[in-house]
Amino acid sequence: MADTKKAEGVGKEKKKGGFRETVLLLVMGVGIALLLQAFVVGSFYIPSVSMENTLLVNDRVFVNKLAGKPERGDIVVFKGWNGEDTIKRVIGIGGDKVVCCDKQKRITVNGTPLDEKSYLYPDDFASGDDFDVTVPAGKLWLMGDHRSASADSRAHMGEPGGGFISEDDVIGKAVVRYWPLSRGYLFSRPDIFDKVK
């Protein structure tokens with residue numbers, strides 16, 4: 001009889017230990033997920049039409065917060081002009097001269113014309129407004145892919161800061177569109193930006 005009771009007690013201890021392990025693993029998993037969300041990768045949804053057709057309203061993207069300095073052509077999430085999280089494409093980085101437009105109505109960066117057909121909204125134009133800016137060091141010139149529906153750097157040129165966004169305000173680089181699943185896509189920099197010197 002004594003042996004049976006002892007065996008039953010051991011079984012109960014194992015069940016309690018298993019429950020504690022499960023709770024501990026669950027808490028650790030949630031903690032790791034929160035740390036990743038805070039410091040490594042974030043999920044953002046798209047609230048506007050300014051990046052169509054690359055990103056549609058209610059699309060969701062994962063953003064790499066450790067991607068390093070933004071490069072021309074990257075799609076980045078940043079603290080925008082109104083203080084809200086905003087997503088646009090980097091057209092110019094510190095030191096770049098960004099001009100609209102040449103005789104073929106293309107934006108030029110450091111004199112190199114950009115053929116933007118691969119990401120611009122169909123039948124949209126490079127810009128309805130002419131501009132000629134030199135991006136200060138540590139700043140970015142950002143534009144939406146749906147230029148006629150995007151309040152981007154061009155729309156804020158008359159404000160303090162001249163429409164530029166600090167690299168320090170960049171939250172991260174969009175790496176994948178994961179929702180809806182049917183539109184899943186891994187982002188890469190368009191080749192046209194490799195020609196810019």
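Numbers here simply count residues along the sequence, with the first being 1. Computed from a predicted model, the values in this text were never measured in an experiment.
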Interatomic distance, [X] atom [atom1] to [Y] atom [atom2] [nearest 0.5 angstrom]:
X    : Y    : atom1 : atom2 : value
T86  : I46  : OG1   : CD1   : 10.5 Å
I107 : L114 : CD1   : CG    : 6.5 Å
M51  : K88  : CE    : NZ    : 7.5 Å
Y185 : T54  : OH    : OG1   : 8.5 Å
K197 : N110 : NZ    : CG    : 11.0 Å
C100 : R154 : SG    : CZ    : 8.0 Å

Answer yes or no: is there a donor N or O on one side and an acceptor on the other, between the side chain of [X] and the main chain of [Y], under 3.5 Å?
X    : Y    : value
T108 : R106 : no
R72  : I93  : no
D169 : K79  : no
D96  : V98  : no
S153 : L142 : yes
D74  : V90  : no

Do any pairs count as a salt bridge (charged side-chain N to carboxylate O under 4.0 Å, His left out) and have a residue in residues 43-62, sequence neighbours left out, and if so which ones?
D59-R183
Pairwise salt bridge (charged side-chain N to carboxylate O under 4.0 Å, His left out) hits with a residue in residues 126-142, at least two apart
K97-D132
If two hydrophobic side chains count as joined below 4.5 Å and joins carry through other members, does [X] share a cluster with [Y]?
X    : Y    : result
L186 : L181 : yes
V196 : F164 : yes
I87  : V63  : yes
W81  : V76  : yes
M143 : M157 : yes

Cut-off 3.5 Å, no hydrogens considered: what does the side-chain donor-acceptor table look like for residues 118-126, sequence neighbours left out?
residue	atom	partner	partner atom	Å
Y119	OH	E116	OE2	2.6
D124	OD1	S148	OG	3.1
D124	OD2	R147	N	2.9
D124	OD2	S148	N	3.1
D124	OD2	S148	OG	3.3

Please report the shortest heavy-atom distance between [X] and [Y], naming the atom on each side.
X    : Y    : result
G95  : T134 : O-CG2, 4.3 Å
A151 : A155 : CA-CB, 3.9 Å
R189 : G73  : CG-C, 4.3 Å
P70  : V170 : CG-CG2, 3.9 Å

Please report the C-alpha distance between V135 and L140 in whole Å, then the side-chain angles of each, then the deciding distance to 0.1 Å, and finally whether the side-chain contact (heavy atoms from CB on, under 4.5 Å) criterion is met.
CA-CA 6 Å; V135 185; L140 302 170; 5.5 Å; no
Give a yes-or-no answer on whether the side chains of Y178 and S43 include a donor-acceptor pair shorter than 3.5 Å.
yes
Would you please classify the geometry between the W141 ring and the F131 ring as parallel, tilted or perpendicular, with 30° and 60° separating the classes?
tilted
